[in-house]
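Some notes on the structure that comes next.
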Amino acid sequence: MRSALLGMCLLVLGCGSRDVPEQLDRVSPESVLFLESAKETGLIFDHFVDKGGEFRLPEIMGSGVALLDFDSDGDLDVYFLQGARMDGDTDKPSSAGLPNAALGNRLFENQVVPAGALAFVDVTERSGLEFQGVAMGAAVGDYDGDGDPDVYVTALGPNALFRNVGDGTFERVDGPQDERWSTSATFADYDQDGDLDLFFSNYVDFTVRNNKQCFSPAGARDYCNPTVYNPVPDRLFRNDGGSFADVSVDAGLGTAFGNGLGVAAADLNGDGRPDLYVANDGTENQLWINRGDGRFENTAMLAGAAVNADGRSEAGMGVVAADFDNDGDEDLFLTHNTLETNTLYLNRGGGLFVDATNRFGLGSYSLPFTGFGVSWADFDHDGRLDVFVANGAVTLMGALHGQPHPFLQDNQFFRGLDAGFETLEGGRVWGAIDPLASRGTATGDMDLDGDLDIVVSNNLGPARLYLNQTGGDGWLRVKLAGGAGNPRGLGSRVVLHFEDGASAWRRLHRDGSYLSSSEPAVHFGLETGRRIESVDVWWSAGLREKFPAPRSGTIATLRRGNGTALPR
């Protein structure tokens with residue numbers, strides 16, 4: 001039955017889709033893992049696409065979302081990236097009937113502190129985070145080390161750096177720049193000097209003027225495959241005490257490049273230094289191993305992480321790194337196009353990978369879908385990592401022929417098991433069948449109840465807020481206070497030691513997914529009956545410390561220098 005249904009999905013390229021996103025099939029709230037709550041909480045944002053009939057590639061790529069506590073009041077605020085007109089005519093109303101001035105990125109302030117109830121208010125105008133342009137993604141990090149989160153916005157050129165002034169407002173400052181089409185970005189201390197450097201991927205050499213004409217197999221005008229354009233190199237900027245120097249060429253990043261979309265900074269070969277992984281769309285992925293002397297070497301092909309098990313490049317969109325099998329090293333999960341599987345690269349140690357997608361039951365389920373944003377976390381608090389994938393097509397879907405936006409697909413949730421994953425469909429997960437063209441995905445505890453929620457941006461559609469309904473106290477959240485240059489301890493590892501001798505670890509990060517930035521906290525689901533003995537922190541700059549066991553069901557803030565030193 002499963003294979004027959006899969007075959008039907010492949011024929012229509014639209015398994016689970018609906019004609020319009022407003023048609024929701026609700027189920028009992030008691031039986032679901034997530035409840036969609038954007039409208040009820042005031043998180044009302046609609047993504048704009050300037051669809052003028054020219055089938056420009058940026059129209060289908062969507063944009064991301066960033067979660068950050070911009071006002072330092074203890075809850076997570078939401079920053080959405082927005083599209084804009086691409087013909088440069090700022091006086092003419094957009095194709096959506098909106099003046100160009102009405103567009104732009106939007107910042108929503110979370111009211112759960114001090115109000116006690118989750119609600120959002122649009123504070124864009126007074127925040128200083130206004131940005132006009134075809135915005136793509138955002139990276140969040142405290143690049144000046146003053147304790148407040150700063151924001152870097154990527155776009156269809158130019159990009160922008162916003163410094164958090166500290167009074168709930170931002171100022172746009174000179175910073176790393178690129179006039180081309182930039183996508184995902186990450187702040188990471190690659191040179192381990194204590195402050196946060198910036199890396200971002202570039203996509204292809206598309207411009208409005210060089211827009212190419214492409215067609216579907218039936219001969220109708222359609223969006224081009226990105227490989228019809230030339231790839232462009234990614235960029236690395238070293239932080240020199242609050243100002244940035246372009247070290248892309250010196251670091252060796254010009255030796256190989258592709259159609260970069262997803263980015264993750266993680267120590268993938270276990271040498272203690274952050275490496276860079278780039279998911280490329282239709283070209284070989286890159287695994288930039290940090291050599292420790294300021295240079296990187298792309299080892300993806302030799303390491304088994306450049307192409308899939310069949311030796312083919314895939315349409316890499318989103319990427320996330322995590323140790324899902326708890327063997328001490330980080331594995332990779334990538335989202336891909338329809339008729340390609342999402343791919344799990346299992347780390348065999350030392351930064352060598354094998355395509356283990358089918359081994360762990362993740363292959364066939366993703367074939368009818370096009371994945372973008374992705375989250376790999378323990379959403380149901382059973383001690384195993386689950387996977388959420390945001391789906392939405394990029395070429396016209398036969399099942400939705402004649403619809404205004406024929407790219408709608410259901411999102412997917414894969415529950416982690418001891419030997420792999422199981423897929424949970426539709427209403428069993430988020431209380432609704434709600435197909436959209438989903439893109440950016442970020443995770444964090446939006447309502448401060450201890451479990452992980454999901455915020456999704458949708459291409460030419462409304463944002464979604466999926467509130468986790470797990471509840472209970474079978475969890476632990478760890479935040480870090482890591483020193484002057486990297487106050488949130490980005491890149492650090494947190495290791496839980498249990499009384500039964502077992503251990504589990506997570507890395508504190510914001511990056512991964514697609515064009516998005518998540519909460520800077522480490523989240524553990526705790527199996528029933530398992531008691532914590534102690535917590536180790538492997539700080540990104542090299543220090544290792546042990547801390548007493550926090551209570552389950554609490555948020556523990558661990559400060560660098562307050563623990564007992566451990567040998568490195």
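Nothing here was measured: the structure is a model prediction, and the numbers come from that model.
Rounded to the nearest 0.5 Å, atoms CG (Asp271) and CG (Asn290) are 7.0 Å apart. Of the inter-residue distances, the one linking Ser127 atom OG with Phe162 atom CZ reads 8.5 Å to the nearest 0.5 angstrom. Expressed to the nearest 0.5 Å, how far NZ of Lys479 lies from CD1 of Ile555 amounts to 5.0 Å.
For Phe206, the ring pair (Phe, Tyr, Trp, His ring centres under 6.0 Å) test picks out Trp181, Tyr229, with sequence neighbours left out. Partners of Phe360 under the ring pair (Phe, Tyr, Trp, His ring centres under 6.0 Å) rule, at least two apart in sequence or in another chain, are Phe324. Remark: Trp538 pairs with no residue by the side chain to side chain donor-acceptor pair (under 3.5 Å) rule, at least two apart or across chains.
Ring centroid separation for the pair Phe413 and Phe388 does not come in under the 6.0 Å cut-off.
Counting non-hydrogen atoms of neighbouring residues, nucleotides and ligands closer than 6.0 angstrom, the CZ atom of Arg544 exceeds 12 such neighbours. Within 6.0 Å of the CG atom in Asp293, the count of heavy atoms belonging to other residues, nucleotides or ligands exceeds 12.
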Enumerate donor-acceptor pairs with a distance under 3.5 Å from any side-chain N or O in residues 547-554 to protein atoms, sequence neighbours excluded.
{"unit_1": "Thr554", "atom_1": "OG1", "unit_2": "Arg551", "atom_2": "O", "d": "2.5"}

Hey, mind stepping through Ser201 and Asp234 against side chain to side chain donor-acceptor pair (under 3.5 Å) and telling me if it holds?
CA-CA 4 Å; Ser201 59; Asp234 302 327; 4.8 Å; no
Given ring-ring contact (aromatic ring centres under 6.0 Å, His included), test Phe244 with Tyr143 step by step and report yes or no.
CA-CA 10 Å; Phe244 290 89; Tyr143 81 91; 5.5 Å; yes
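Ion pairing between a basic and an acidic side chain is recognised when a charged N comes within 4.0 Å of a carboxylate O; Asp386 and Arg415 show no such pairing. Residues Arg530 and Asp500 are paired through a salt bridge, judged by an N-O separation under 4.0 Å between the basic side chain and the carboxylate. In this structure, Arg506 does not pair ionically with Glu330, as no charged nitrogen and carboxylate oxygen lie closer than 4.0 Å.
Screening residues 270-316 for ring pair (Phe, Tyr, Trp, His ring centres under 6.0 Å), with sequence neighbours left out, gives Tyr190-Phe296. Within the structure, the disulfide bond (SG atoms under 2.5 Å apart) test picks out the following pairs touching residues 224-315 (sequence neighbours left out): Cys214-Cys224.
Looking only at atom types and distance, the side chain of Asp536 has a donor-acceptor partner in the side chain of His497 under 3.5 Å away. With no hydrogens or angles considered, a side-chain donor-acceptor pair links Asn411 and Ser438 at under 3.5 Å. Between the side chains of Glu314 and Thr343, at least one donor N or O lies within less than 3.5 Å of an accepting N or O. Side-chain contact, Tyr203 with Asp281: a donor N or O sits under 3.5 Å from an acceptor N or O. With 3.5 Å as the limit, one finds no donor-acceptor pair spanning the side chains of Ser243 and Asp240. Using modelled atom types and a 3.5 Å distance limit, the side chains of Asn159 and Tyr152 yield a donor-acceptor pair. One side chain, Ser182 or Asn202, offers a donor N or O that lies under 3.5 Å from an acceptor on the other.
Note: Tyr345 and Phe353 have perpendicular aromatic rings, judged against thresholds of 30 and 60 degrees for the angle between ring planes.
Remark: of the listed residues Asp148, Val140, Asp142, Asp148 is the sole one forming a side chain to side chain contact (heavy atoms under 4.5 Å, CB included) with Asn164.
A donor-acceptor pair is defined here as one N or O able to donate and one able to accept, closer than 3.5 Å; such a pair exists between the side chain of Glu340 and the backbone of Ala315.
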